[in-house]
Each structure stands twice: as structure tokens, then as C-alpha cells.
There are 2 protein chains.
Amino acid sequence: MKVGAQHYRSIWSTASPMAGQASPTVTIIDQTELPHTFVTRELATLADAARAISHMQVRGAPLIGITAAYGVALALAADASDANLDLACRTLVATRPTAVNLAWAVARVEKAVRPLPSPSRAAVAWAVASDLAEADVTQNDALGRHGLALLQALADQKSGPIHILTHCNAGWLAAVDWGTALAPIYQAHDAGLAIHVWVDETRPRSQGLLTSWELAAHSVPHTVIADNAGGHLMQTGQVDACIVGADRVAANGDVANKIGTYLKALAADDNGVPFYVSVPLPTFDWTLADGRGIDIEERDGSEVRRVRGKSAAGVLADLYVLPPERPVANPGFDVTPARLITGIITPHGTFAPSEISQVAALREAA
Amino acid sequence: MKVGAQHYRSIWSTASPMAGQASPTVTIIDQTELPHTFVTRELATLADAARAISHMQVRGAPLIGITAAYGVALALAADASDANLDLACRTLVATRPTAVNLAWAVARVEKAVRPLPSPSRAAVAWAVASDLAEADVTQNDALGRHGLALLQALADQKSGPIHILTHCNAGWLAAVDWGTALAPIYQAHDAGLAIHVWVDETRPRSQGLLTSWELAAHSVPHTVIADNAGGHLMQTGQVDACIVGADRVAANGDVANKIGTYLKALAADDNGVPFYVSVPLPTFDWTLADGRGIDIEERDGSEVRRVRGKSAAGVLADLYVLPPERPVANPGFDVTPARLITGIITPHGTFAPSEISQVAALREAA
């Protein structure tokens with residue numbers, strides 16, 4: 001999507017590792033600097049890619065999958081042995097536990113290159129990673145079209161703008177382009193629907209500030225709120241629908257997403273507000289019967305204690321809101337039960353959670 | 001309660017305005033500096049008292065009531081005319097809209113002094129304010145005893161510590177001493193019950209950091225969490241009960257409290273976790289049939305945009321997490337419907353929301 005006058009993706013490759021070409025690299029937008037500073041960084045090695053994921057320079061389930069796929073390619077460009085392929089896959093899968101896209105993308109690359117002789121592995125890995133990135137854009141475009149139909153139906157039922165609440169950042173910064181939860185919002189806005197987005201701050205990492213940055217860059221009307229505010233807004237009729245992304249969807253439609261999603265789904269259910277989850281196909285984990293099997297990442301307490309922002313003089317700095325000796329817990333995700341979800345928007349259309357087994361059959365088409 | 005070795009209240013008087021004595025003042029702990037720096041401030045005028053309330057140097061429904069009562073006394077010590085009494089009451093009641101204790105306390109002082117000749121008004125106002133402060137301590141002590149019985153019952157049903165989740169700060173900093181929601185926790189801890197408190201950060205003002213400061217000062221085990229985390233903790237069996245305070249309780253048991261309380265009550269209800277509200281008698285508003293009539297304060301957006309903390313070098317500073325041009329909404333409270341509340345702890349015992357009319361009869365005994 002647009003940043004200023006220029007179109008960006010969240011990740012792009014700058015060379016392919018064919019014989020005779022320059023060393024391959026991929027470029028990312030360093031999201032730990034956003035929304036304050038727009039900085040791009042080159043990833044040239046496996047270690048760069050692993051660090052970018054674990055330090056959340058890239059984040060969002062689809063994007064960490066794509067970054068990991070390129071990470072395997074970068075590793076193989078340096079050393080295409082079986083041992084290094086094993087190391088790369090193991091290292092990348094261990095960077096973060098909750099999003100299924102990560103292991104899925106690594107497995108896709110590994111499956112393609114494992115049977116090949118070493119000299120051809122890097123180029124094929126690169127091609128697979130690039131294909132996965134293109135597939136992500138295509139799928140998110142489809143999410144946008146199916147979601148737009150839902151938003152159009154809401155708009156037809158009322159006068160004035162429709163108000164959508166979203167949690168975390170499931171925009172183009174979390175994917176390669178378009179985003180998952182935000183794809184319908186961008187397409188509705190581009191189609192001329194009057195739309196306004198309530199943006200949850202999403203403590204402790206405050207990914208809502210990334211969502212606000214994205215929406216502002218694309219001129220989509222929105223308002224940032226504390227995570228505590230959404231229930232009140234729903235009680236008072238100020239929310240027409242919720243749309244969120246997901247890190248993992250179980251076979252019964254239970255959804256793991258950013259911590260706090262469950263609370264918003266409860267409020268939506270209590271107030272008759274439709275609650276949608278928008279996900280590309282790699283986010284489904286058909287091996288999981290329900291959400292109880294989803295591994296919930298416990299992240300470092302410093303994310304709760306430390307806040308990043310700009311001083312009045314415009315200098316980027318960190319502040320400690322809590323002394324280091326004060327105990328903190330920081331679960332990164334929660335599980336929203338299928339019973340609270342109105343519909344799951346997929347590239348193949350929108351399904352009730354009880355009907356998503358229909359999507360399984362289409363999985364390999366991804 | 002204790003700060004280091006010394007016992008403090010959140011507000012205390014340093015002289016009474018009797019003829020021949022020094023100018024009366026009251027002293028408060030400046031809560032905008034906590035949890036980073038412990039600073040006390042003298043309030044010498046009506047303007048000081050009004051500013052302390054509106055700028056949240058004092059906050060918490062009981063404490064702003066007591067501060068306002070002293071504010072009337074300070075105003076009358078300077079000018080005990082009818083006109084100045086009118087001005088003082090009007091000014092103080094307008095400082096914040098949601099907590100009923102504020103208007104209640106001002107009305108109590110006004111009723112006592114209105115019939116009196118000007119020369120005796122200041123001393124009587126001072127005495128009434130002091131009586132209200134003592135009554136607050138007595139009532140909160142009673143909340144603690146009734147709440148302790150509930151916690152003891154929970155402790156009898158399990159092994160290991162009981163885990164209580166609280167939202168915002170309803171501790172002694174929010175009252176005169178003991179606190180409302182925290183009174184049972186302090187009394188349980190002092191009685192030797194193994195207790196651990198999950199402390200919601202409570203964005204955007206982060207009053208949970210005050211709760212953490214209080215609990216640490218009294219050596220009560222606790223863990224600070226993002227507001228988003230409580231639902232997950234309840235889903236995974238890590239919360240035995242929730243206890244919160246309130247700013248206003250309607251006649252049907254609907255409760256206005258800090259924004260986000262409703263979301264935790266939904267999660268408690270969804271997971272069979274008992275949800276208690278602990279309030280002194282002035283927090284009941286018997287004139288309100290239900291929560292729909294409660295005025296919800298919209299606070300300044302700078303509370304969402306700006307965060308206060310200490311730099312790594314230990315310097316207290318403010319940072320902007322969002323640029324000033326980015327739109328923000330900041331409702332300060334929400335209403336938790338009575339159907340989500342297990343019990344309301346009052347100085348006269350714990351009542352189901354449907355039974356709180358029994359408390360109305362005892363109101364005048366306060």
C-alpha cells in the first residue's frame with residue numbers, strides 16, 4: 001500500500017541467488033521503529049532473518065512466514081548442505097511459536113529443495129519464497145473482496161459511515177500487501193464506502209499504532225482507543241462490526257489471535273455486533289481439533305515495563321513505566337472460541353466457523 | 001497503609017480553621033507523580049482543591065469526594081459568604097462527572113453549613129469533611145472484613161494461593177485508607193491467607209501502576225498484566241475471583257467503573273469466575289434506576305497519546321506514542337450490567353445486585 005506517493009510492500013527481494021548475480025538480500029521495513037520512523041533494513045543471512053522475526057522487526061502471521069521462507073533461501077545461498085538446511089529450518093521455526101504460517105512456510109520451502117542437489121537448492125528456495133509472497137498478496141486481495149461484500153451489506157442497512165473495530169495490526173505491514181483484517185477496509189474505502197475504524201492500541205506491543213500509521217498513510221478515517229474502550233463503544237451502538245486477523249485457526253473454528261481478541265469477541269457477542277476473522281489459507285491448522293492445543297507464546301516482561309515514543313523535542317526514546325523489580329506476565333495471544341465468531345473471511349469466501357471444513361478441501365489450491 | 005516504615009493516608013489535614021489558628025491546609029499525595037516519585041502537596045485554596053481533582057493529583061471515587069469536602073472548607077475559610085459557598089460547590093461538582101461521591105460529599109458539607117451564620121461556617125465545614133474522611137476509613141475497614149470472608153471461603157476450596165484480578169486502582173490511594181477493592185486483599189494478606197493479585201495496567205491512565213506500587217509497599221504478591229491479558233488468564237483457570245471498585249452503583253446494581261471493567265466482567269461470566277464490586281455507601285446512587293443514566297466522562301486524548309515513565313538514567317519524562325494529529329477517543333468509564341456481577345461488597349455485607357435495595361434503608365446510617 002502507499003507510504004506517501006510510493007507503493008510499498010512489507011518485504012521485497014533485491015536480487016535472486018542465481019549464479020553470477022550479486023549476493024541475494026531481502027529488504028524489510030523495520031517495524032520496531034514504526035510508527036515514529038520509516039526505516040528499511042536488508043537481511044543478508046539466516047541470522048538476520050531469524051533476528052528480524054524474533055525481535056519483531058517483522059511481525060504478523062503472514063509476514064513472518066514469508067520472511068522465514070526467504071530466510072531458508074538466504075541460508076542455502078551461503079551453504080546448501082543438508083546440515084545447513086536442517087539448521088535453517090530448525091532456527092526459523094523456533095523464533096516464534098504461535099503463528100502456524102511460520103512452520104508452514106518453512107516446510108513448503110524445505111519440501112521443494114530437500115530432494116534437489118545442493119547447487120540448485122538456493123535458487124529454488126528463492127523462487128518458492130517469492131511465490132509464497134505473491135500468493136499472500138493474491139489471497140489478501142481476495143479477502144478484501146469478500147470482506148467488502150460484508151461491509152457493503154452493513155452500509156446498505158444504515159445511513160452514515162460504518163464503524164469497524166480492529167485489534168492489533170493485521171494490515172499490509174503484517175502481510176506482504178493489503179493485509180488480512182484491513183484488506184476489506186482498504187477495498188471498502190477505495191470503493192467509496194464511508195468507513196471509520198476504531199483502532200485498539202493493543203498493549204503491550206501497541207501494534208494499533210502501526211494500524212493507525214497504515215490507515216493514516218492511506219487516508220482511511222480512524223480513531224485510536226485504549227484496549228479497554230471497545231466494550232463501551234459496542235454497548236453504546238458505536239461499532240457496526242469487528243474484523244481481526246489470526247495467528248492460527250483450529251479445525252473447529254477456534255481462533256488464536258493477539259492477546260485481548262477474546263475480550264472484544266465477548267463484547268461483540270453480548271451486544272449483537274458481528275465479529276469477523278479474516279485469514280489466508282496458511283493460517284488454518286487442520287491438525288488441531290480445537291483451540292485448546294494452541295501454544296500461547298509468553299513474551300518478555302520488558303514489553304509491559306517499557307514504552308517507546310517521541311519526546312516533545314522529537315527524539316525517539318524508551319521509558320520504563322514500571323520498575324524492573326515489579327513482576328510482570330505477558331501472554332502474547334488468546335483463543336477466541338468459535339461460538340463467538342460470526343464468520344471467517346477466507347480467500348474462498350466467508351464461512352461460519354462450523355462450516356470451515358469446506359475450506360480444508362481447497363487448501364492445496366493455495 | 002504503609003509507605004516504607006511510615007503509615008500514610010491519601011489525604012490529611014494540617015490545621016483546622018478555628019479562630020486564632022494558622023491558615024488551614026490539607027495535604028495530599030500527588031498521584032500524577034506515582035509510581036515513580038512520592039511527593040506530597042498542600043492544598044490551601046478552593047482552586048488548589050479543584051485542580052487536584054481535575055488534574056487527577058487525587059483520584060478514586062471516595063478520595064475525590066473527601067478532597068471536594070475539604071475544598072468547600074478551604075473556600076469558606078477565605079470567604080464564608082453565600083456567594084462563595086455557591087461558587088465552591090459549583091466549581092467542585094464540575095471537576096469530574098462520573099463518580100457520585102463527589103456531588104454527595106459536597107452536598108453533605110453544604111447542607112451542614114448553609115443555615116449557619118458566616119463566621120461559623122468554615123469550622124463546621126472542616127469538621128464535616130474530617131468526619132467524612134473518618135467514615136470512609138471505617139467503611140473501607142468493613143469492606144475489608146466482609147471481603148475477607150469471601151476470600152477465606154475461596155481459599156478453603158483449593159490448595160495454593162488464591163489469585164484475584166483487579167482493574168484500575170481502588171486501593172488506599174483511591175480512598176482515605178484501606179481502599180475499596182483492595183481492602184479485602186490487604187486484610188486477607190494481613191490475616192495470613194496466601195494471596196496473589198493480577199493487576200491490570202488500566203490504560204490509558206495506567207492506574208494499575210499505582211495498585212502495583214501500593215501492593216509492593218505492603219508486600220502483597222502481585223503481577224502486572226496488560227489489560228488484554230485477563231480474559232486469557234480466566235480461560236486458563238488462573239483467576240479465582242475478580243474484585244473491582246466503582247464510581248457509581250445504580251439502584252438495580254448496574255455499576256459504572258473505570259473503562260474496561262465491563263470486558264473483565266464478561267470474561268468472568270464466560271468462565272464461571274466470581275466477579276465482586278466493593279463500594280462504600282456514598283457510591284450508591286439510588287436516584288438512578290439503572291446504568292443507562294450514568295454520565296460517562298470523555299477525557300482528553302493526550303492521556304492516550306502521552307506516556308509517563310523513567311528513562312534508563314532514572315529521569316522522569318513524558319513520551320508521545322502517537323503523533324498529535326492522529327485522532328483519539330478516551331471514554332473514562334463503562335457500565336457493567338448487574339447480570340454480570342456476583343456480589344456487591346458493602347460496609348453492611350455482601351449482596352447480590354438484585355438485593356441491594358436492602359442497603360438503601362441503611363444509607364442514612366453512613
Side-chain angles (χ1 to χ4, degrees), chain A residues 35-36 167 198 200-204 206 209 212-213 216 221-233 235-236 258-264 266-267 269-270 296 301 303-312 317-323 325-331 333-335 337, chain B residues 35-36 167 198 200-204 206 209 212-213 216 221-233 235-236 258-264 266-267 269-270 296 301 303-312 317-323 325-331 333-335 337:
Chain A
H36 306 288
H167 189 70
W198 295 110
D200 275 357
E201 180 184 34
T202 319
R203 284 280 292 153
S206 302
L209 309 184
S212 171
W213 182 86
H222 68 281
T223 304
V224 178
I225 51 174
D227 299 305
N228 287 318
H232 170 69
L233 295 175
Q235 282 180 308
T236 50
K258 183 56 53 195
I259 190 80
T261 301
Y262 165 56
L263 294 170
K264 295 304 146 61
L266 284 168
D269 183 60
D270 199 44
I296 300 297
E303 294 185 345
V304 177
R305 290 197 186 88
R306 193 173 57 202
V307 171
R308 170 162 288 193
K310 273 194 171 165
S311 71
D318 291 333
L319 286 181
Y320 293 83
V321 295
L322 258 188
E325 72 274 13
R326 220 61 70 68
V328 158
N330 186 17
F333 301 88
D334 60 23
V335 175
Chain B
H36 307 288
H167 190 69
W198 295 109
D200 274 358
E201 180 184 34
T202 320
R203 284 278 294 152
S206 300
L209 309 184
S212 172
W213 182 86
H222 67 282
T223 303
V224 178
I225 51 174
D227 299 304
N228 287 318
H232 171 68
L233 295 175
Q235 283 181 307
T236 51
K258 183 58 51 195
I259 190 80
T261 301
Y262 166 57
L263 294 169
K264 297 304 147 61
L266 284 168
D269 183 61
D270 199 44
I296 300 297
E303 295 185 345
V304 177
R305 291 195 186 90
R306 192 172 58 200
V307 172
R308 169 162 290 193
K310 273 193 171 167
S311 71
D318 291 333
L319 286 181
Y320 292 82
V321 295
L322 259 188
E325 72 275 12
R326 221 59 71 68
V328 158
N330 187 16
F333 301 87
D334 60 22
V335 175

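Treat the numbers as computed from the prediction; the structure is a model and nothing was measured.
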Minimal non-hydrogen separation, A:His232 against B:Pro331, with atom names = CD2-CB, 3.7 Å
Chain A contact via B:Trp198 - side chain, backbone, both or neither, heavy atoms under 4.5 Å = side chain
ask   = Looking at B:Val224, B:Val335, B:Leu209, B:Asp227, which one has more heavy-atom pairs under 4.5 Å with chain A than the rest?
value = B:Val224
task = Using a cut-off of under 4.5 Å on heavy-atom pairs, state which of A:Thr261, A:Leu263, A:Asp334, A:Leu322 scores highest against chain B.
result = A:Leu263
query = Checking heavy atoms, do the side chain of A:Ala329, its backbone, both or neither come under 4.5 Å from chain B?
reply = both
request  = Count the heavy-atom pairs under 4.5 Å between each of B:Val321, B:Asn330, B:Thr202 and chain A, then report the option with the highest count.
outcome  = B:Val321
key: Among the listed options A:Ala267, A:Pro204, A:Gly301, the residue most often paired with chain B at heavy-atom distances under 4.5 Å   = A:Ala267
request  = Among the options A:His167, A:Lys258, A:Glu303, A:Lys264, pick out the one with the most heavy-atom pairs lying under 4.5 Å from chain B.
outcome  = A:His167
message = Restricting to non-hydrogen atoms, name the atom on A:His222 and the atom on B:Pro327 that form the minimum distance, rounded to 0.1 Å.
response = O-CG, 2.8 Å
request  = Could you tell me the separation between the CG atom of B:Asp269 and the CG atom of A:Leu266, rounded to the nearest 0.5 Å?
outcome  = 9.0 Å
Residue B:Tyr320 versus chain A: region with a heavy atom under 4.5 Å = both
ask   = Would you say A:Gln235 and B:Tyr262 make side-chain contact, with heavy atoms under 4.5 Å?
value = yes
request  = Side chain from CB out, backbone as N, CA, C, O: work out which of these in B:Ser311 comes under 4.5 Å of a heavy atom of chain A, or both, or neither.
outcome  = both
key: Top contributor to chain B contacts, counting heavy-atom pairs under 4.5 Å, from A:Asp318, A:Leu233, A:Asp270, A:Ile296   = A:Asp270
request  = Just give me the residue among B:Gly260, B:Pro337, B:Pro221 that pairs up with chain A most often, heavy atom to heavy atom, under 4.5 Å.
outcome  = B:Gly260
query = Which one, B:Ser212, B:Ala226, B:Pro323, leads in non-hydrogen pairs under 4.5 Å with chain A?
reply = B:Ser212
key: B:Arg308 portion near chain A, given a 4.5 angstrom heavy-atom threshold   = backbone
Interface moiety of B:Ala216 toward chain A, non-hydrogen atoms closer than 4.5 Å = side chain
